[in-house]
2 protein chains.
Amino acid sequence: MVMVSDNPALPTHVKIVEMGPRDGLQNEKQPVSTEVKLELIRRLIDAGEKHIEATAFVSPKWVPQMADHHEIMAALKSFPEAQDGSVWFPVLTPNLKGFEGALAGGAKEVAVFAAASESFSQKNINCSIAESIERFKPVIEAAKAQGVKVRGYVSCVLGCPFEGNIAPEKVAEVAKALYDLGCYEVSLGDTIGVGTPNKARAMIAAVAEYVPTSKLACHFHDTYGQALANIYACLELGVATIDSSVAGLGGCPYAPGATGNVATEDVVYMLNGLGIETGIDLTKLVDAGAYISEQLGRRPVSRAANALLAKK
Amino acid sequence: MVMVSDNPALPTHVKIVEMGPRDGLQNEKQPVSTEVKLELIRRLIDAGEKHIEATAFVSPKWVPQMADHHEIMAALKSFPEAQDGSVWFPVLTPNLKGFEGALAGGAKEVAVFAAASESFSQKNINCSIAESIERFKPVIEAAKAQGVKVRGYVSCVLGCPFEGNIAPEKVAEVAKALYDLGCYEVSLGDTIGVGTPNKARAMIAAVAEYVPTSKLACHFHDTYGQALANIYACLELGVATIDSSVAGLGGCPYAPGATGNVATEDVVYMLNGLGIETGIDLTKLVDAGAYISEQLGRRPVSRAANALLAKK
């Protein structure tokens, strides 16, 4: 069976949303200084990243690593890329109090998150999915009133550590709710990294019944090594926004020692090979990943990064 | 853009050819005892593997790790799975002398290898591609006369450490030569792991002009983390034989410290998720990988294996 070698379904350009400074670092046990976080962000900007999740306005009691959100926001204000709007720095804001803090800090984009699994929602944020969506309504309303963009995350889209399988229709229902409320983009997260390509396809296809594919992002964890294959399958369905984390920052709290977010370096290596533009310089990106990994006292959790660093 | 979620092009069953005991271990610097190799092979059989490359009849001067090929063959003779033919143990035989050794040891399947890159052929086996193919002719003739199956490998199919890009047409030419000489299967190896999915598609499509897809195997190294995405792309083109190495055994001599062969555990995890049968028990496979990794004093180089082991 011979088929055409090129794959016309693939997008020509992909938007990378960098998770490193927030989703990546928040699970790190050792404290990372504000100055190191800002230096990482500067290096990611220098590598060409245009969407960098910068911090979270959550309680330091729950996420001590994000306790410096005020300092991060204050520093970002002086970045020329923040002033001229050439780089976006979304901020995670789980509730109205968090949103008000982010807004006071100058946030132009925020993010809210819901789970596709009832059990995960209860254990992670202590309320039902429906209640969590009710909680976002005032955040999204306030953001709209202030001209702030809102990104929506859905977690556990391909499996839940408590429930196992999650029906694609459930993911679609939650994604639709976030989109209908006004999220400009919905990021679909395989939080525990258990998905495989056809399950990813089925999930994307179910969501795309209600939310245009152009408004969807895929967010894969590489816990079982499946992230790039899943991303390739999503690209084939037309998804053109990918969440990833430099140096694979971010472990998996449900499988200690296992890999977390897919590494931005691995994603960009694949997209370069596919001829898909990202605007990102892989060499500078690898250097940014090497910088933060050195600060954390380990090698990057990225195969492409380690191969490129080994050749130096 | 909504598309069907299932992917009818995918095969329903995949043949895994296990590289661990040969391609995997041959690059290991520390000696591995014959007993450990045999115990690994026993565990791989117990996990359901049916095609296990067992050893190589090459000079111990070049590949000291394979110096015990006579002992391995002698021991395999007593395996019931070798006697009843339920498991195949191909043996790498680069020349007629090697073939005669393997035949004397009872080999029922051997393998020969050529490169798709002239520079690599010269540096790796000290002759041109055409000369290497001439060298295989008597091996393949002798094998045919003895009823021994011959597998052909083509290396550097998506890139060469010396030449860079390799034209798909060059790969097709070498694969065709091996197939026309009588190789029952041709394994296409991304020796340095630089390929990405569309390049893999283009290469497979070029080869499939001359060799039926059902006679092709894909052999990816995970050096840049691309192996599973490439395998998924090859499955979409109908390739149904995959070479892989338990625990990701086998480094990359061209990028020290980088990842080598794609891990069988990661491949089987993906195939299980895709509903593609392999006959392999993932839990037992992970245990086999943990066994050999422990012998080598490290963790498996498999994300799926480490995630599953972390959950224990």
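Note: hydrogens, waters and symmetry copies are ignored here, and every other heavy atom, side chains too, is used. This structure is a prediction, so every number in the text was calculated from the model and none was measured. A, B, ... follow the sequence lines: proteins, then strands. Residue 1 opens every chain.
A distance-only check finds no donor-acceptor pair linking the side chain of E28(A) to the backbone of Q30(A) [under 3.5 Å]. Remark: side-chain polar atoms of D243(B) are not paired, donor with acceptor, to backbone N or O of E18(B) under 3.5 angstrom. Looking only at distances, a side-chain donor or acceptor of D266(B) sits under 3.5 Å from a matching main-chain atom of A304(B).
Cation-pi geometry between R303(B) and Y224(A) is not met at under 6.0 angstrom from the ring centre and within 45 degrees of the axis. Cation-pi geometry between K215(A) and Y179(A) is not met at under 6.0 angstrom from the ring centre and within 45 degrees of the axis.
For the options T196(A), I231(A), L271(A), heavy-atom pairs under 4.5 Å to chain B are most numerous at T196(A). If you tally non-hydrogen atom pairs under 4.5 Å between each of V194(B), N230(B), I204(B) and chain A, the highest count goes to V194(B). Note on G193(B), P168(B), G273(B), A263(B): by heavy-atom pairs under 4.5 Å with chain A, the leading option is G273(B). Here A229(A) is the residue among A305(A), A200(A), A229(A) with the most heavy-atom pairs under 4.5 Å with chain B.
E185(B) has a carboxylate O that lies under 4.0 Å from a charged side-chain N of K15(B), or vice versa, which qualifies the two as a salt bridge.
Both the backbone and the side chain of A233(A) come within less than 4.5 Å of a heavy atom in chain B. Heavy atoms closer than 4.5 Å to chain B are found nowhere in V207(A), neither backbone nor side chain. Of the two parts of V267(A), neither the backbone nor the side chain holds a non-hydrogen atom closer than 4.5 Å to a non-hydrogen atom of chain B. Interface remark: Y269(A) contributes backbone and side-chain atoms alike to the contact with chain B (heavy atom separation under 4.5 Å).
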